[in-house]
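Some notes on the structure that comes next.
Quick note: numbers below take in every heavy atom, side chains included, and nothing from hydrogens, waters or symmetry partners.
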Amino acid sequence: YLLCSRIGEMCIHVFADNNTFVIIQSQINTNGFLSVEEPQVESEYLGKMPASFRMIAVFLGDLDNSDGVGKVYYRQDSRPSILLRTTDHINQAFPQDDEIKPTHALIITWENVAAHGVPGRGDGMWFVFFLAVFAYNSETCASNRQKCSSFADCKDYTNGYCCQCRPGFYGNGKDCVAEGKPQRMNGKVNGRVFVGNTPSPLELSNNDLHSYVVANDGRAYVAISTIPAGLGPSLQPLSSLGGVIGWAFALEQPGYENGFSIIGGVFSRQAEVTFLPGNERLTIKQEFKGIDEHDHLVVSTELEGRLPEVPRGSTVQIDPYKEIYQYVITSSSNRDYTVSLPDGSVQTKAYQWRQTITYQSCPNDEEVRAVQSTQQLSVDQIFVMYDSGNQLIRYAMSNKIGSIHSGPPEQNPCFTGRHGCDTNAACRPEEGIQFTCECSTGFTGDGRQCYDIDECREMPEICGSHAICNNQPGTFRCECMDGFQFASDGKTCVEVDRPIDHCQRGTNNCDIPERARCSYTGASAYICSCLSGFVGDGYTCQDIDECEQGRCHRDAVCYNSQGSFTCQCRPGFHGDGFQCTPEHEKTQCERDRESIQVSSNTGSFSFFHLRPAVSQYVPTCDQHGAYEPTQCHGSIGQCWCVDGNGQEISNTRTGPGQRPLCIDRGVIPPPIGPTTRPDVSPVAPGTHLLFAQSGKIEQIPLDGYSMNKGEAKALLHLPDRVAIAVAYDCVEKMVYWTDITGPSISKASLEGGETISLVTTDLESPEGLAIDHLARLMFWTDSMKDRIEVAKLDGSQRRVLFDTDLVNPRPIVADPSYGRLYWADWNRDGPKIEMSNMDGTDRTVLVKDDLGLPNGLTYDTESQQLCWADAGTRKVQCMDPNGRNRRTIVEGIQYPFAIVSHGRNLYYTDWRREAVVAVDRTTDRETDEFLPQKRSRVYGIATTPTQCPQAYNYCSNNGGCSHLCLPRRGGFTCRCPDVVDGSCVERNL
């Protein structure tokens with residue numbers, strides 16, 4: 001091409017050929033000008049345009065992204081619409097050159113970029129039409145390595161680059177996953193579906209879709225939530241909604257590859273379903289968008305059309321079927337299904353299925369992959385169900401990919417899926433029916449049992465400076481610290497220039513913290529306000545003398561102090577000073593104490609206060625006259641726990657210098673005046689901490705990992721009750737708790753309403769509670785009956801799991817995804833932490849050394865860490881669930897009672913501090929403390945996550961059991977409750 005500047009007759013000769021260009025008689029200056037003759041010095045023409053010499057501002061620009069914050073994007077484009085626009089721009093500049101026919105254009109855009117030496121940032125675009133006559137080859141690994149998976153290598157070819165998964169991983173190079181590792185897929189479902197002959201469609205709007213695939217046996221599970229009852233039953237025949245997920249991770253037969261191995265996680269799928277004999281038609285469009293930052297595949301689904309109606313209450317059974325896949329990928333099949341109606345009749349129906357899957361393979365790969373052009377997907381063990389109670393449609397199926405030709409079936413367990421390898425392991429076939437199990441990348445073990453490798457702990461510097469490493473099952477994720485963000489390379493953390501929080505830095509001019517509060521309001525601004533008990537403008541605060549306001553009872557004396565005051569009843573009265581009543585009749589404890597004092601002084605006359613003999617035990621009473629839960633005999637140096645009647649609780653007596661951990665089992669005295677109903681105050685959206693105090697359960701909102709202490713308040717008032725354990729069901733958003741004064745186990749909805757009693761009989765001291773949100777079960781410990789029990793979440797079908805070798809069992813936690821239970825026994829003669837399957841099998845002692853009083857226990861499903869708080873050793877420690885890699889998080893704490901995990905933080909309640917304490921596991925230090933407004937002992941603690949953890953166990957739909965379905969590792973057990981109605985069937989699966 002010949003481009004002329006039309007300044008005189010000087011021209012620029014540009015030759016374009018095979019992705020190269022040559023410019024004759026030109027000079028490119030460092031400031032971005034392209035000149036066709038020797039330019040002057042910059043001082044002669046910069047700012048004095050037009051210049052006296054010939055030039056074009058081809059590359060002129062002052063964008064600066066050297067700080068790593070702003071981003072510049074460019075692309076080479078040859079679409080006809082772009083080239084037409086390019087021609088228009090050239091014709092406007094050179095109207096006499098009407099035969100210009102560009103072949104390429106370069107489009108450059110930017111966002112959040114600063115101009116060099118100028119404050120402020122902005123967005124914009126360059127349309128560089130004068131480069132339309134050439135293109136250059138940027139398709140190399142040097143400039144595209146970041147487009148490959150972190151588990152792939154980049155390889156250059158003649159015409160470009162390709163990504164290839166490393167050994168131990170599979171995929172298309174841009175998406176790679178570890179061999180044998182279970183895969184999770186999340187997404188949304190939208191659309192309009194007509195059912196039967198109804199004239200109006202049912203709308204689906206961002207309904208959640210979750211899928212879980214056990215990759216080493218080809219079993220896929222799919223669930224879609226919030227499906228209305230008018231649509232759910234009719235979706236049951238449509239198991240193929242999840243069929244493509246089964247194809248993507250199907251169990252591979254020798255010489256054949258599943259969908260993900262061939263095309264990765266980015267592809268489109270469109271399916272047309274025609275139901276017979278009514279010819280109802282439904283279109284399914286799905287966009288698979290690759291792997292997100294949580295290592296989950298992402299899919300969006302759209303449904304449009306009509307389904308034949310399946311009556312409510314009907315069940316659907318789908319026969320095993322086969323599909324032929326041809327690459328480029330198309331498949332079709334005819335499928336039969338059976339509908340069992342509520343009246344017992346059965347209907348057999350069918351539908352035709354045609355689908356097309358489109359994807360972008362690497363066009364530059366010069367190595368021929370041996371992919372079979374035609375493969376057969378075999379699908380069996382198909383399970384479909386609509387759960388009307390939870391508005392869920394569930395699909396499950398087993399998938400194998402192999403040859404279209406019939407032949408003897410493969411016998412090696414790696415190809416049948418019956419190998420017994422861990423769900424996080426790959427099965428490696430050997431000769432005949434021999435095989436080995438190999439843990440997936442990111443896991444360690446013998447293949448039969450695999451445990452997550454904590455890369456963050458073993459390689460502390462893996463994320464670089466100013467970054468925090470968060471371990472995840474099989475992998476890890478780096479996050480920039482506060483005040484930093486990722487640079488354009490997606491790896492390096494660079495400092496963010498952001499406003500100063502003067503409240504946190506202590507550089508504000510508010511009054512001292514004992515009198516005023518500094519509140520950060522954004523930017524570098526803040527507000528000063530006086531604390532309760534003080535008055536002023538926040539910069540200067542003065543004490544309020546509450547005694548002048550008559551705040552105490554008329555029979556009490558008021559004592560003013562800085563920012564507060566106290567009320568004390570006068571002699572002859574008792575109470576808290578706000579309410580004072582005449583002295584009450586002596587309690588049993590007071591009478592026992594007085595009788596011992598009197599008897600020890602019989603026979604002598606004295607005007608002094610009565611005192612017992614030196615060697616005699618005298619009971620200790622609290623301010624209400626009840627027995628203190630901990631009683632001590634000073635002469636012999638022993639202490640023990642007592643019940644509400646003052647009777648010693650067995651196995652609690654300690655030696656000199658020690659005090660047992662005793663729970664106050666006395667009933668709280670009835671309050672004076674009207675009492676609060678035990679109703680739930682609705683909780684705002686988001687994650688909260690729930691913790692128990694005598695008479696109530698409180699909630700603290702979490703802002704990330706920080707406790708929003710200013711918004712803490714009572715969730716549930718429980719007059720005359722002592723709530724101990726607290727647990728949360730993320731499915732129905734219910735809080736569960738145990739009460740030792742009843743005793744009982746109850747629940748209430750976080751959305752408000754009445755409390756519901758679940759278990760009220762055959763309990764003595766229920767102190768630990770755990771929820772399996774998948775199998776819909778609850779487990780609890782009873783430290784007086786020395787046993788562990790299980791029941792449905794409604795309290796029905798109770799069964800004792802363990803009643804031997806237990807002395808003081810207290811905390812208990814569940815791992816639903818593996819069907820495991822963990823609990824601790826603080827028996828002073830032999831404290832221990834144990835583990836078993838949820839059906840009571842494989843009971844094992846995990847920890848018995850270096851334990852004192854293991855009161856709190858929690859299990860983090862993300863990091864697969866079991867953590868506990870010990871009031872005897874005064875430590876918080878964590879380890880793998882197999883008892884390895886034990887490490888201390890913090891030590892020197894005071895008297896912890898319960899503990900819970902959330903992300904990188906642990907939160908524990910402390911009896912002595914009467915507080916909730918936050919601990920950062922990544923830095924091994926305490927970071928925050930919350931002190932309730934009413935100071936008293938704090939007990940159990942739980943979190944309310946915004947959504948349930950992604951997991952699956954075999955009892956998600958009760959496993960077909962008649963009564964109790966109890967999960968265990970790799971299967972489940974059907975068990976009968978202790979009280980049987982005669983129709984129960986027990987079996988192991």
Side-chain angles (χ1 to χ4, degrees), residues 452 454-458 460-461 463 467-471 476 479 481-482 504 658-659 661 687 689-692 700 702-707 709 726 768 810-811 813 822-824 826 831-833 846-881 883-932 937-943:
D452 175 55
D454 189 344
E455 294 89 350
C456 302
R457 181 172 51 81
E458 297 188 2
E461 304 301 323
C463 286
I468 296 173
C469 180
N470 282 330
N471 187 58
F476 64 95
E479 297 178 0
M481 294 179 177
D482 290 341
Q504 186 176 19
Q658 294 183 317
R659 290 177 64 89
L661 180 68
T687 301
L689 291 176
L690 305 180
F691 68 92
I700 313 171
L702 289 180
D703 183 4
Y705 297 114
S706 301
M707 293 185 285
K709 293 179 276 191
V726 181
R810 179 168 287 157
V813 292
Y822 303 90
W823 69 90
W826 59 270
K832 59 186 175 180
I833 298 174
L846 289 179
V847 185
K848 61 180 180 180
D849 298 325
D850 192 23
L851 290 178
L853 295 172
N855 293 325
L857 192 66
T858 185
Y859 182 74
D860 181 10
T861 56
E862 285 296 320
S863 65
Q864 292 188 332
Q865 288 283 292
L866 183 69
C867 302
W868 65 91
D870 193 316
T873 62
R874 299 175 61 193
K875 296 178 182 179
V876 173
Q877 295 185 297
C878 295
M879 69 176 184
D880 293 338
R884 300 183 306 176
N885 301 320
R886 180 176 176 177
R887 71 185 184 99
T888 299
I889 307 299
V890 291
E891 54 186 332
I893 60 179
Q894 296 191 32
Y895 218 109
F897 184 84
I899 191 169
V900 70
S901 65
H902 173 64
R904 67 172 183 245
N905 271 13
L906 296 169
Y907 303 87
Y908 72 87
T909 57
D910 192 292
W911 271 20
R912 291 207 177 121
R913 294 164 69 171
E914 296 179 342
V916 177
V917 184
V919 176
D920 189 327
R921 279 189 295 176
T922 62
T923 60
D924 294 345
R925 64 184 180 90
E926 294 185 358
T927 58
D928 201 359
E929 176 186 64
F930 172 73
L931 300 174
R937 284 181 172 178
V938 283
Y939 295 100
I941 189 168
T943 61

With no hydrogens and no angle check, is any side-chain donor or acceptor of [X] less than 3.5 Å from a backbone partner on [Y]?
| X | Y | result |
| --- | --- | --- |
| T858 | S901 | yes |
| R921 | N905 | no |
| K709 | E929 | yes |
| D910 | Y895 | yes |
| S863 | N471 | no |
| D870 | K875 | no |

Inset, instruction - Let me see the working for L690 and V900 under side chain to side chain contact (heavy atoms under 4.5 Å, CB included), right down to the final yes or no. - result: CA-CA 10 Å; L690 305 180; V900 70; over 6 Å; no

Which heavy atom in [X] sits nearest to a heavy atom in [Y], and how many Å separate them?
| X | Y | result |
| --- | --- | --- |
| I468 | R904 | CD1-NH1, 4.0 Å |
| V916 | L689 | CG1-CD1, 4.3 Å |
| P932 | V938 | CG-CG1, 4.2 Å |
| N855 | P896 | ND2-O, 3.1 Å |
| D850 | R886 | O-NH2, 3.1 Å |

Inset, instruction - Tell me, with the steps shown, if E926 and I893 meet side chain to side chain contact (heavy atoms under 4.5 Å, CB included). - result: CA-CA 10 Å; E926 294 185 358; I893 60 179; 3.5 Å; yes

Quick check: do [X] and [Y] have side-chain heavy atoms less than 4.5 Å from each other?
| X | Y | answer |
| --- | --- | --- |
| V847 | K832 | no |
| L851 | W868 | yes |
| D860 | C878 | no |
| F930 | F691 | yes |
| T888 | V876 | no |
| C867 | I889 | no |
| N470 | T922 | yes |

Legend entry - Parallel, tilted or perpendicular: rings of W911 and F897 (30°, 60°): parallel

Inset, instruction - Fit a plane to each ring of Y859 and Y822, take the angle between them on a 0 to 90° scale, and name the class: parallel (under 30°), tilted (30 to 60°) or perpendicular (over 60°). - result: parallel

Atom pair [atom1]/[atom2] of [X] and [Y] - distance to nearest 0.5 Å:
| X | Y | atom1 | atom2 | result |
| --- | --- | --- | --- | --- |
| C469 | E461 | SG | CD | 10.5 Å |
| K848 | I833 | NZ | CD1 | 13.5 Å |
| F476 | R457 | CZ | CZ | 14.5 Å |
| I941 | I700 | CD1 | CD1 | 6.5 Å |
| R887 | M879 | CZ | CE | 13.5 Å |
| Y705 | D928 | OH | CG | 15.0 Å |

